[in-house]
**Q** 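Shown below is the structure under consideration.
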Amino acid sequence: MWKSLTKSHNSETVIALAGQPNCGKSTIFNAVAGFKVNTGNFSGTTVSYTETHVYIGGRTVRLIDLPGTYSISANDIAERVARDYLLSGQVDVIINVVDASLLSRSLELTLQLMEMNVPMVIGLNMIDDAQKKGMEIDIQALTSLTGLEAYPLIAVQGSGVQELFDAALKISENNFHRVPPVYDRDVEECIARIEARYPSLLRERLKMDTRFVIIRLLEMDEEFERIVAEADREFLEYVIENRRFLAEIHDWPESGVFASHRHALVLDLFEQVVAVKSRTGTSLSEKIDRFVINPVGGLVATVGAFFLMFAVSFWFGNLIADLLEVPLETLGSFLMSHTSGPTAMLVSGVYDGFTAGVGIVLPYLVPLLVILSLLEDTGLLPRIAFMADGLLHRFGLHGKSVVPIIMGYGCNVPAIMAARNLEYERDRIITMLMVPFIACSARTVIILALAGKYLGAGYTTLIYLGNIAIALGVSSVLSRLSADMSPGIIMDVPPLRKPYFHVVIRKVWARIMEFLLFAWPVIAISSIVLAVFSYVGIDDVINRVLSPITTYILDLPSELGITLFLGIFRKELTLIMLNSALGTTDVSAVLSSAQLLVLVVFTVLYIPCIATISTLWKEGGWKVALLSIALNTSIALAVAGSLAFLL
């Protein structure tokens, strides 16, 4: 699993970005990587990472953005894979990104990384926020006391990023001389005694700094204990004996000796390198923060944020869609008048796929992505998550489930993957089964384009509220199958920050490119397939097979069977194929208001898309995936069928 910590001999230099959550690692990564980003999973895990290859100073650099971690003690899978990668021998240099405005907390991880004895530099990100707090950081003193070069950064502006990477490359070529943390006399004597008996077989097995290994053993690291037990059980017993001795003389738990000492070292280091000036008055961001975290203000902010998100998407989407409608219809008429036979069929399919993306999806998707990015970059999104915690507990959900739920409004796939951060299997399964009921961006486009355009804002709001009620109802019923209670939530809420236009645009552009590169080809191919189906009559077969559902249960035209079928592949295909299936761009001329409502409700609730099903299978197993299909479909049929019967 772990290899030598010596520098790799590859032609490329491997730099890993390591730091605590919300420290700005990804911002630094994006500033360097631009749009040349690859996403993958660590071997044998479902934990994802991003990487890129860039040229800096005439050298090829492989840059890895590791998952955010508070510690290398590997309390969860993300922390473990981040730690294992740093110990794999593949990393030439670590860039430890710290939030300068939270320096005392951030240095806890820095000291642990120093103990690895891997070449490292420090990036003091958000130095402007630290200055606003009245903090003056003596960078030369920090370098002198730690042996690590440190550089001030404002990553969102790109300030200091070039100097940081130049220093990292320089460190990779020269000898690395850190100043290792020194603990009290009892601890140091204990480390010396253990090091004197360090077995040679273990040096061969763990080719890394012996002091680091000893500290990991004294901190009760289970992975290190397992490896040492296999190599020399007697030595491990000796370490455990010394660990108990340290706990007794300090009157602390065995697991807390080093944590307490390290915390004291960090506070001492902080006092030596930081001068804090007292401030008078309350800043605007602090006033906003106090309002948002207030129960009443938080509710207003949460409801207002969601209303703004959907209202702007609805207004802007309608505006753009209306502007594009006439030019696209003119283009379609021109193409159809100049083609015939099989050629016309092919051209019709390509045209439908093109106009569906340009005229239907993008007008509603772009503003939605912009607002989501603004909420994320300002720090309002985690505050919304925090305020929703109490509500979720009433429905049997863990507080941390709020993060997958909010992510689900963007896409259900990463939302289901985020559920792996929940500690208990019961909470993971309930959250994974509930997420497919959340209206993702694709289903939001359907709601806005059909209900918003033809039924009005009132029905659109009712559909959203009903969707939320059904999702919470499902979680409530599922939670009652287990007698266990969900524990409370502890979240890291970043400070409110001003969003930067170029960062928001870059984030939105990356997500739009994902649509253009992955979704649009599927749309185009599906449009051509639908045209072929229509030309040879296969779509009629699918429509007849599904007619018991479309005609008798949902009271919809049988022609919509093919659109609902294609919606399983991607939800927006139901909307995109609607015009082709009905043979008109004016849906309201064919479907009544009641039928439009039934169609929207059923589409929002029924079988998750293929990507979501495969993710459910991967994260929860085939039983969870099949249960989700059955649950969504049965509830969709019950709710939409009831509406069709009553209306």
Side-chain angles (χ1 to χ4, degrees), residues 15-33 47-51 63-73 75-76 78-79 81-83 85-86 91 93-114 116 118 120-133 135 137 139 142 146 148-161 163-165 167-168 262-263 266 269-270 273-274 285 376-383 385 403 421 490-500 503 506-507:
I15 298 179
L17 296 175
Q20 296 178 346
N22 300 314
C23 67
K25 288 187 299 82
S26 297
T27 305
I28 295 174
F29 179 88
N30 292 331
V32 176
V47 177
S48 62
Y49 68 95
T50 50
E51 70 170 334
L63 182 62
I64 309 291
D65 184 11
L66 295 175
T69 175
Y70 290 104
S71 168
I72 63 169
S73 296
N75 293 319
D76 61 36
E79 290 182 342
V81 297
R83 190 268 303 275
Y85 187 79
L86 293 174
V91 179
V93 185
I94 298 172
I95 293 181
N96 175 214
V97 183
V98 304
D99 183 347
S101 66
L102 300 172
L103 189 60
S104 60
R105 189 191 73 178
S106 302
L107 288 174
E108 299 265 359
L109 178 62
T110 302
L111 293 192
Q112 288 186 309
L113 294 174
M114 287 173 59
M116 289 183 176
V118 178
M120 184 170 79
V121 295
I122 298 176
L124 295 169
N125 194 25
M126 307 179 206
I127 195 71
D128 53 335
D129 287 345
Q131 292 170 348
K132 291 176 183 177
K133 284 186 173 183
M135 298 171 57
I137 302 175
I139 297 178
L142 180 61
T146 62
L148 306 176
E149 293 190 34
Y151 294 84
L153 303 172
I154 306 177
V156 292
Q157 299 178 5
S159 174
V161 175
E163 293 79 2
L164 177 67
F165 278 86
R262 192 176 290 116
H263 184 65
V266 166
L269 178 61
F270 178 81
V273 302
V274 178
S285 63
E376 184 179 354
D377 287 5
T378 55
L380 284 172
L381 196 58
R383 282 164 174 79
V403 176
N421 293 325
I490 298 177
M491 289 186 63
D492 179 26
V493 179
L496 290 173
R497 295 190 177 96
K498 179 183 70 174
Y500 286 84
V503 175
R506 175 175 291 179
K507 191 176 296 185

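The structure displayed is predicted, hence computed values, not measured ones.
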**Q** Starting at CE of Met135, measure out to OG of Ser101 and round the result to the nearest 0.5 Å.
**A** 7.0 Å

**Q** Please identify each residue that fulfils side-chain hydrogen bond (donor to acceptor under 3.5 Å, both in side chains) with Ser106, with sequence neighbours left out.
**A** none

**Q** If you look at every heavy atom in Gln112 and Tyr70, which pair is closest and at what distance?
**A** OE1-O, 4.3 Å

**Q** Mind checking side-chain hydrogen bond (donor to acceptor under 3.5 Å, both in side chains) for Ser26 and listing every partner two or more places apart, or none if nothing turns up?
**A** Asp65

**Q** Could you state the interatomic distance from CD1 (Ile127) to NZ (Lys132), rounded to the nearest 0.5 Å?
**A** 12.5 Å

**Q** When you compare the side chain of Ile28 with that of Lys25, does any pair of heavy atoms fall below 4.5 Å?
**A** no

**Q** Do the non-hydrogen side-chain atoms of Leu113 and Val118 ever get within less than 4.5 Å of each other?
**A** no

**Q** Would you name the heavy atoms of Lys133 and Leu102 that are closest together and state the gap between them?
**A** NZ-CD2, 3.7 Å

**Q** Which heavy atom of Gln20 sits nearest a heavy atom of Cys23, and at what distance?
**A** O-SG, 3.0 Å

**Q** How close do Leu164 and Leu153 get, counting heavy atoms only, and between which atoms?
**A** CD2-CD1, 3.7 Å

**Q** Supply the atom-to-atom distance Leu66 CG to Leu17 CG, rounded to the nearest 0.5 angstrom.
**A** 7.5 Å

**Q** Hey, could you give me the CZ/CG distance between Arg262 and Leu107, rounded to the nearest 0.5 Å?
**A** 12.5 Å

**Q** Partners of Thr146 by side-chain hydrogen bond (donor to acceptor under 3.5 Å, both in side chains), sequence neighbours excluded?
**A** none

**Q** Which atom names give the shortest non-hydrogen contact between Thr110 and Met120, and what distance separates them?
**A** O-CE, 4.0 Å

**Q** Can you tell me how far CG of Leu269 sits from CG of Leu111, rounded to the nearest 0.5 angstrom?
**A** 6.5 Å

**Q** Taking only residues two or more places apart in sequence or in another chain, which ones pass side chain to side chain contact (heavy atoms under 4.5 Å, CB included) with Asp128?
**A** Met126, Ile154, Tyr500

**Q** Sequence neighbours excluded, which residues qualify as side chain to side chain contact (heavy atoms under 4.5 Å, CB included) partners of Ala150?
**A** Ile122, Leu124, Ile139, Leu142, Thr143

**Q** Return the set of residues passing side chain to side chain contact (heavy atoms under 4.5 Å, CB included) with Thr27 (not counting sequence neighbours), or none when no residue passes.
**A** Ala155, Val156

**Q** Where is the tightest heavy-atom contact between Gly24 and Asn125, given as atom of each residue plus distance?
**A** CA-ND2, 3.5 Å

**Q** Is there side-chain contact between Asn22 and Asp99, with at least one heavy-atom pair below 4.5 Å?
**A** no

**Q** Please test Leu86 against Met116 for side-chain contact (heavy atoms from CB on, under 4.5 Å), starting from the C-alpha separation and ending with a verdict.
**A** CA-CA 9 Å; Leu86 293 174; Met116 289 183 176; 4.1 Å; yes

